[in-house]
Amino acid sequence: GAVALADALKVNTSLAVLRLRSARIEAAGVVALADALKLNCSLTTLALDGQNIESAGARALRDTLKVNNILQSVTFNMYGIPRDVCDEITALLADPVRAAWA
């Protein structure tokens, strides 16, 4: 599931929005998606609402946002994720340099 999707995202050049609400993706799948998004230069919106991304998934998303300035919006449930990681993700998404890429 998520790993195959991550492989497709590595070579995707046209998909801009990906909504995976309630797709039952666990932390390992989110980590695979986050790693793929380090290479993706077209996705601007990622919705992971309803996924159990856990701390590992949130940290992977944070690390991706540090190198991917194309991704403008990421949504997920904050339950069980350290507050400092959520704060870092929020700060990265609010960075004016990121907005300039939009």
Side-chain angles (χ1 to χ4, degrees):
V3 173
L5 180 57
D7 288 340
L9 284 174
K10 289 177 184 175
V11 296
N12 168 63
T13 59
S14 60
L15 185 67
V17 177
L18 182 59
R19 291 187 174 93
L20 298 171
R21 294 185 176 117
S22 301
R24 297 184 180 166
I25 297 173
E26 299 291 328
V30 175
V31 170
L33 289 171
D35 286 344
L37 290 173
K38 289 178 180 174
L39 304 173
N40 181 285
C41 58
S42 66
L43 199 73
T44 61
T45 302
L46 176 63
L48 295 170
D49 305 302
Q51 308 310 313
N52 185 19
I53 72 168
E54 301 177 10
S55 181
R59 290 179 197 284
L61 287 171
R62 176 205 54 203
D63 294 344
T64 294
L65 289 170
K66 289 179 180 178
V67 297
N68 178 329
N69 285 324
I70 303 300
L71 197 55
Q72 301 291 314
S73 173
V74 178
T75 58
F76 58 90
N77 299 338
M78 293 175 41
Y79 181 77
I81 298 170
R83 181 63 183 192
D84 63 319
V85 176
C86 291
D87 290 345
E88 287 180 74
I89 290 171
T90 300
L92 286 163
L93 288 171
D95 186 337
V97 172
R98 180 175 305 282
W101 285 95

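Remember, it's a predicted structure, so these values are computed and weren't measured experimentally.
- With sequence neighbours excluded, no residue satisfies side-chain hydrogen bond (donor to acceptor under 3.5 Å, both in side chains) with D7.
- The distance from the CG atom of L92 to the CG atom of N69 is 9.0 Å, given to the nearest 0.5 Å.
- In this structure, S42 and S14 approach most closely via the heavy-atom pair OG-N, 3.7 Å.
- Note that CZ of R19 is 10.5 Å distant from CG of L46, once rounded to the nearest 0.5 Å.
- In this structure the side chain of K38 never reaches within 4.5 angstrom of the side chain of N68, judged on heavy atoms.
- The CZ atom of R21 sits 9.5 Å away from the CG atom of L48 when rounded to the nearest 0.5 Å.
- The heavy-atom pair separating L93 from Q72 by the smallest distance is CD2-O, 3.4 Å.
- Between L15 and L9, some side-chain heavy-atom pair lies under the 4.5 Å cut-off.
- Hydrophobic clustering places L71 together with L5 (ILVMFWY residues linked when any side-chain heavy atoms are closer than 4.5 Å, directly or through intermediates).
- Partners of L39 according to the side chain to side chain contact (heavy atoms under 4.5 Å, CB included) rule, which considers only residues two or more places apart in sequence or in another chain, are K10.
- Residues I25 and V31 do not share a hydrophobic cluster, clusters being chains of Ile/Leu/Val/Met/Phe/Trp/Tyr side chains in contact below 4.5 Å.
- The two residues A6 and A36 come nearest to each other via the heavy atoms O-CB, 3.1 Å.
- Under the side-chain hydrogen bond (donor to acceptor under 3.5 Å, both in side chains) criterion, Q51 pairs with no residue, sequence neighbours left out.
- There is a path of hydrophobic side-chain contacts, each under 4.5 Å, that joins L20 to L61.
- Between I70 and L43, every side-chain heavy-atom pair lies at or beyond the 4.5 Å cut-off.
- Checked against side chain to side chain contact (heavy atoms under 4.5 Å, CB included), N77 has the following partners two or more places apart in sequence or in another chain: D49.
- V85 is linked by a side chain to side chain contact (heavy atoms under 4.5 Å, CB included) to A58, R59, R62, I81, P82, I89, counting only residues two or more places apart in sequence or in another chain.
- For the side chain to side chain contact (heavy atoms under 4.5 Å, CB included) test, no residue two or more places apart in sequence or in another chain qualifies with T90.
- Two different hydrophobic clusters hold L65 and V17 under the rule that ILVMFWY side chains link at heavy-atom gaps under 4.5 Å.
- When the side chains of ILVMFWY residues are joined at heavy-atom separations under 4.5 Å, either directly or via intervening members, L33 and M78 end up in a single hydrophobic cluster.
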